[in-house]
2 protein chains.
Amino acid sequence: MTTTIQDQLNLARKNQILEAATTVFAEKGFQRATIKDIAKVAGIADGTIYNYFQNKNAILFGLMDRLNETESRELQFQGTSDTTFSEFFSAYLKHRLEQFGTREIALLGIIISEVLVNAELRQQYQTRILEPTYAIAERAFQSMVDAGKLPAMDVPISVRIISATFLGLVIQRLFGDTTLEQRWDSLPDVLPQFLLEGLIHQERKSP
Amino acid sequence: MTTTIQDQLNLARKNQILEAATTVFAEKGFQRATIKDIAKVAGIADGTIYNYFQNKNAILFGLMDRLNETESRELQFQGTSDTTFSEFFSAYLKHRLEQFGTREIALLGIIISEVLVNAELRQQYQTRILEPTYAIAERAFQSMVDAGKLPAMDVPISVRIISATFLGLVIQRLFGDTTLEQRWDSLPDVLPQFLLEGLIHQERKSP
DNA sequence: GAATAATAACTGATTAGTCATTAATTGTCA
DNA sequence: TGACAATTAATGACTAATCAGTTATTATTC
């Protein structure tokens with residue numbers, strides 16, 4: 001497993017294409033983007049792209065993988081920290097929302113859009129991103145339950161609910177909701193507050 | 001504003017096309033679906049479609065409008081009921097998840113997929129669906145705050161968080177997550193339980 | 001000069017939307 | 001009523017444009 005100069009050049013060119021693809025996809029979406037578009041932005045001939053990616057789908061696979069790498073890196077640092085759940089949750093969201101800049105959010109939108117209607121990509125997305133991400137998150141969650149920081153809850157479902165909240169907010173923002181756009185940066189503070197304090201206060205009063 | 005027999009026939013044919021479009025879109029997505037596909041399923045000639053819809057986008061507008069009609073009908077019945085927030089929340093989710101059958105979920109996926117990458121559709125989606133839905137939900141929420149059933153919380157953001165949870169779960173299911181698929185029907189019970197009891201129990205213990 | 005990488009012209013297939021033609025329906029009046 | 005004209009709806013062949021992927025050729029590197 002030695003990386004030669006060839007491999008490095010190869011990787012650099014691949015990344016160059018992926019960068020260009022990100023730009024073009026963000027502008028036109030996956031299907032409307034053409035190989036020529038991507039080649040033009042990358043400053044290479046369109047045929048060259050096929051020396052590095054088997055087909056158009058493979059370019060999106062490449063982007064998915066890159067997104068996944070940073071995601072799992074970020075997930076891993078969590079989970080063993082010595083905090084309450086609300087602190088963990090707030091920290092997780094803060095981290096996640098901060099790391100997810102405009103470009104990443106736009107790219108996520110492209111991927112979601114295509115995964116929803118492309119069976120081959122969906123298959124890849126499931127095995128390459130969804131399942132590993134769930135697995136890591138479930139492990140982190142479970143360890144907090146084991147450590148007595150969380151009540152014995154339904155870990156798989158809980159993980160899905162939390163990620164659904166994040167995912168849904170990203171999508172609603174991509175839909176162009178101005179309220180979310182304007183107040184995006186305050187979400188890491190507001191969201192746990194809503195979920196924890198908002199609901200708790202109410203529930204404490206009611207019975 | 002009288003509806004003639006002409007209008008009714010016109011509407012029937014429109015619905016016939018929309019039904020066919022739903023089937024085809026669910027199978028191939030919006031972009032991969034062709035006008036010929038839809039015409040074939042509807043049992044008419046492809047040219048006929050253009051007598052009823054200006055273009056392909058307009059067909060999706062039509063589907064969006066139909067989805068929105070049922071949605072706002074369902075939203076309106078809520079909000080004035082005399083319950084605690086957790087009951088309201090549970091009932092809302094139950095209702096929402098029950099009303100959203102496989103076909104509606106699939107259609108929502110198609111619309112989301114296209115709205116994410118099609119500026120014209122996004123514009124329509126915002127004004128026809130998103131803004132009215134938020135407006136109704138915010139009003140319902142605010143009335144519960146005014147009635148003292150909820151603490152004075154940030155209504156617009158709260159509404160967005162709740163709908164994000166629902167939206168995110170739908171999308172994760174469409175991604176093909178088997179856990180969610182298997183346990184979909186238990187969500188109306190589990191989700192409020194997770195959000196309310198799960199978090200509260202923990203929070204009560206910790207300080 | 002051999003091997004590898006890049007090029008861009010080209011192909012084959014696809015498809016949204018058009019439009020001239022045909023069919024069906026409605027209205028008129030003897 | 002029934003003949004026929006006028007209006008409206010339906011048809012499907014056609015067009016013009018697009019684009020993913022191929023490949024023969026040229027350039028670069030070693």
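Everything numeric here is computed off the predicted structure, so don't read it as measured data. The chains referred to below are lettered A, B, ... by the order of the sequence lines, with proteins before strands, and numbering in each begins at 1.
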- Message: What is the separation between atom CD1 on Ile35(A) and atom C1' on dA13(C), rounded to the nearest whole Å?
- Response: 16 Å
- Find the distance Arg32(B):CZ to dA20(D):C1' and express it as a whole number of Å. 12 Å
- Message: Can you tell me if Thr34(A) touches the phosphate of dC19(D), counting only side-chain N or O atoms and a distance under 4.0 Å to OP1 or OP2?
- Response: no
- Message: Can you tell me which nucleotide in dT11(D), dA10(D), dG17(C) comes closest to the side chain of Asn55(B)?
- Response: dG17(C)
- Query: Any Lys/Arg nitrogen of Arg66(B) or Glu19(B) sitting under 4.0 Å from an Asp/Glu carboxylate oxygen of the other?
  - Reply: yes
- OP1 or OP2 of dA6(C) sitting under 4.0 Å from any side-chain N/O of Tyr50(A)? no
- Note: for Arg13(B) and Lys36(B) on DNA chain D, the residue whose nearest nucleotide lies more 5' is Arg13(B)
- Ile49(B) CD1 to dA13(D) C1', straight-line distance once rounded to whole Å: 16 Å
- Report which part of the nucleic acid Ala33(A) touches: base, sugar-phosphate, or nothing (heavy-atom distance under 4.0 Å, all strands). sugar-phosphate
- Message: Using heavy-atom distances to pick each residue's nearest nucleotide on DNA chain C, tell me which of Asp46(B) and Asn51(A) is more 5'.
- Response: Asn51(A)
- Query: Nearest-Å distance, CG (Asn118(A)) to P (dA20(D))?
  - Reply: 14 Å
- Message: Expressed as a whole number of angstroms, how long is the span from Asp37(A):CG to dA20(D):C1'?
- Response: 12 Å
- Task: Let me know which of Leu60(A), Asn55(A), Ile59(A) forms a side chain to side chain contact (heavy atoms under 4.5 Å, CB included) with Asn57(A).
- Result: Asn55(A)
- Query: In whole angstroms, how far is the P atom of dG21(D) from the CD atom of Gln54(A)?
  - Reply: 9 Å
- Message: If I take atom NZ in residue Lys14(B) and atom P in nucleotide dA9(D), what distance separates them, rounded to the nearest angstrom?
- Response: 12 Å
- Query: What is the nucleic acid contact for Phe53(B), judged by heavy atoms within less than 4.0 Å: base, sugar-phosphate only, or nothing?
  - Reply: nothing
- Tell me whether the centres of the aromatic rings in Phe166(A) and Phe100(A) are closer together than 6.0 Å. yes
- Going by atom types only, do Ser113(A) and Glu114(B) share a side-chain donor-acceptor pair under 3.5 Å? no
- Task: Rounded to the nearest angstrom, tell me the gap between atom NZ in Lys40(A) and atom P in dC19(D).
- Result: 11 Å
- Item | Selected nucleotide, minimal atom distance to Lys56(B) side chain, candidates dA16(C), dA20(D), dA13(D) | dA16(C)
- First locate atom CG of Asp177(A), then atom CD of Glu131(B), and finally report the distance between them rounded to the nearest 0.5 Å. 8.0 Å
